[in-house]
Each structure stands twice: as structure tokens, then as C-alpha cells.
Amino acid sequence: MKIKDSPLDGPLCRYHEVCDDIQEVVITADQIQKTVEILSHQIHEVYANDTRVVIPVLLQGARHFADDLSDRLNDSKFQFVPVKVSSYRGGTRSTGQVVIHSTETLDIRGQAVLIVDDIYDSGRTLTQVKAHLEAQNPAHVKTCVMFEKACEHIHDVPLDFVGLPVPDDFVVGYGLDYQDRYRELHCVGTLKPDVIATEDRYEDAQSIG
Ligand code: 5GP
Ligand code: MG
């Protein structure tokens, strides 16, 4: 993917290199922003009568999405709380283990809770995080994901707010990473096979979420 005729150099040159790793853009930045706008209206309406809504944001992946949602909701009753969760370990397939690193600061008893995640793949992450939070007696727990992968969801959990479908491929961008790269892309795309093949040789890669 090329950025056309940019007069800039410096940091943008590195951006060029990163973008050259993308095989195909599957969701454009414009589609993403329009969808976030729609989702924020839906969330605003559904929670119109609530005075406080706790929003656990599953890091790192959902951070960009949550920041954009927060900007649009622009209401202090929505309390965004980062929660570190990881299920991939640097590769392109889920490990099957979901690790919830931090929810102890959340006081959700009797509260409306809306879990925000980047992408719904096997459903394992949301199922486990939802069960974990429901055990703390909130009023109710709803779920919101930016992307839903077109695959069989082994662990089905009801999705209350869904942004856009993505193909059943490993994708990066808009918060989604491969070995902690590509999160800053404003679009979502697949990686060139040679990028994955090379990178995957590093077995002790960072976990991602
Ligand atoms: P699940 O538990 O539903 O299988 O996967 C959910 C988590 O795995 C997501 O929150 C996301 O962090 C990660 N994930 C799933 N699919 C992809 C993908 O295509 N690309 C990236 N970068 N991460 C993914
Ligand atoms: Mg995630």
C-alpha cells in the first residue's frame, strides 16, 4: 500500500515501509470512522437512562477504537477503564489461553458494564472476560466489538454492538498488531505472507491483545 506523492519525509518514510507490508486493505479508514460514528449513536441511545456506564477496554487492541468512541460519546457518565488481556502470543492464531491481567480496580457492583474489544474471532476472550465481570454482580454486561471475523465462533457470546465484518484472515491495523507493529494504521489489512513467515520465527514474541 502506497501513500501517494507525499511531500513529507522523516517519520513518514518509516510509515511507507510499514504500509508496504500490507497485502490488501480490507477496511478503509473512512469505513472505520463512519462505523464508529454509528456505534457511538447506538451506545448513546441504549444507555440514555443510565447515569454511569463502566466500559472495560480490552488492551492493547481496543485502545484506538475506545479512544475514538470516547471522543464521540463525549459524556463523563461513560467511564472507560483499560483492562490488559492477551490471547495471542505474537503469532497469528489464538493460543487458547486468555489471561486477564487487571480488573481489580474496577468497582462494577450494580453498574451497567459495556466491554469494548477490537475483534471477535473465536469468542474465547469475550466469553471469559464477560463471565469474569458478571461474577462481580454488575447490573448487566453488554459487549461491543469493532470487527467480527467471518469464521465459526467456537465460544458464542451475544454481541450487543458490532462494527464491521472482516474476512477470516489474520488482519492488522486500527489497534490490531502483529508482534506489536501496525497498530497505528488507520485502515485494516492483511499482511504479505513473507512478512508473517519471517516474523513468526521469533518464538518468544511479545503477547498482544
Ligand atoms: P478471540 O478470543 O475472539 O479468539 O480473539 C480475540 C482477540 O484475539 C482479539 O481481541 C484480538 O486481540 C486477537 N485477534 C483475533 N483475531 C485477530 C486478527 O486477525 N489480528 C490480530 N492482530 N489480532 C486478532
Ligand atoms: Mg484484543
Side-chain angles (χ1 to χ4, degrees), residues 1 18-19 21-29 31-32 36 39 55-69 80-103 114-133 141-193 195-200 202 205-209:
M1 192 178 83
V18 168
C19 290
D21 291 348
I22 298 294
Q23 167 112 321
E24 187 191 353
V25 174
V26 294
I27 309 274
T28 65
Q31 283 176 295
I32 289 173
V36 176
L39 285 173
I55 306 189
V57 177
L58 307 193
L59 298 180
Q60 299 281 338
R63 188 167 51 85
H64 292 64
F65 175 36
D67 284 350
D68 283 348
L69 269 183
F80 287 76
V81 186
V83 172
K84 179 82 182 91
V85 171
S86 47
S87 65
Y88 278 44
R89 286 193 57 78
T92 59
R93 278 287 150 198
S94 179
T95 57
Q97 295 239 320
V98 176
V99 185
I100 303 164
H101 299 271
S102 52
T103 55
L114 175 63
I115 306 169
V116 168
D117 202 6
D118 45 10
I119 189 167
Y120 182 64
D121 185 359
S122 72
R124 191 180 288 117
T125 306
L126 272 185
T127 304
Q128 293 192 20
V129 174
K130 193 171 185 228
H132 180 84
L133 295 173
V141 180
K142 294 187 190 296
T143 56
C144 172
V145 294
M146 181 59 204
F147 305 111
E148 180 175 10
K149 211 175 258 195
C151 65
E152 191 191 341
H153 308 302
I154 306 160
H155 306 265
D156 248 339
V157 65
L159 297 177
D160 298 288
F161 304 93
V162 186
L164 293 162
V166 291
D168 187 13
D169 283 317
F170 183 76
V171 290
V172 296
Y174 199 60
L176 295 163
D177 75 318
Y178 178 58
Q179 299 195 337
D180 259 330
R181 298 176 64 200
Y182 313 108
R183 288 192 200 279
E184 315 305 327
L185 291 178
H186 294 175
C187 61
V188 165
T190 52
L191 284 171
K192 288 181 181 166
V195 178
I196 294 174
T198 311
E199 302 284 322
D200 246 356
Y202 300 99
Q206 302 282 309
S207 69
I208 68 170

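Atoms within each ligand, like the ligands themselves, are counted from 1 in listed order.
How far CG of L39 is from CG of L164: 8.0 Å, rounded to the nearest 0.5 Å.
Here the shortest heavy-atom distance to atom 6 (C) of ligand 1, taken over T125, L176, T127, V157, belongs to T125.
Residues V145 and V116 have side chains not in contact (no heavy-atom distance under 4.5 Å, counting atoms from C-beta outward). Using a 4.5 Å heavy-atom threshold, the side chains of L58 and T125 count as touching.
Contacts between D117 and ligand 1, counted as non-hydrogen atom pairs separated by less than 4.0 Å, involve the side chain only.
Residue contacts with ligand 1: F170 is placed with no nitrogen or oxygen under 3.5 Å of a nitrogen or oxygen of the ligand (distance criterion only). The shortest N or O to N or O distance between G123 and ligand 1 is below 3.5 Å. Ligand 1 has no nitrogen or oxygen under 3.5 angstrom from a nitrogen or oxygen of Y120.
D68 and Y174 share a donor-acceptor pair across their side chains, judged by distance under 3.5 Å alone. Side-chain N/O atoms of H64 and E184 include a donor and acceptor closer than 3.5 Å.
Below 30°, between 30° and 60°, or above 60°: for H153 and Y120 the angle between ring planes is between 30° and 60°, a tilted geometry.
Residue-ligand proximity: L58 is placed with every non-hydrogen atom at 4.0 Å or more from ligand 1. Contact analysis puts S122 in contact with ligand 1, with a non-hydrogen atom separation below 4.0 angstrom. Assignment of D169 to the shell around ligand 1 is supported, since a heavy atom sits closer than 4.0 Å. Contact analysis leaves Y178 out of contact with ligand 1, as no non-hydrogen atom separation drops below 4.0 angstrom. Taking a 4.0 Å cut-off on heavy atoms, D177 registers as neighbouring ligand 1.
At least one donor-acceptor pair under 3.5 Å links the side chain of T190 to the backbone N or O of E24.
Ion pairing between D177 and R183 holds under the 4.0 Å rule for side-chain N and carboxylate O.
Of all the atoms in ligand 1, the ones that sit under 4.0 Å from a non-hydrogen atom of D118 are 9 (C), 10 (O), 11 (C), 12 (O). For ligand 1 and K149, the ligand atoms under 4.0 Å from any heavy atom of the residue are 16 (N), 17 (C), 18 (C), 19 (O). For ligand 1, the atoms lying closer than 4.0 Å to a non-hydrogen atom of I119 are 6 (C), 9 (C), 10 (O), 11 (C), 14 (N), 15 (C), 16 (N), 17 (C), 24 (C).
Partners of D67 according to the side-chain hydrogen bond (donor to acceptor under 3.5 Å, both in side chains) rule, which considers only residues two or more places apart in sequence or in another chain, do not exist here.
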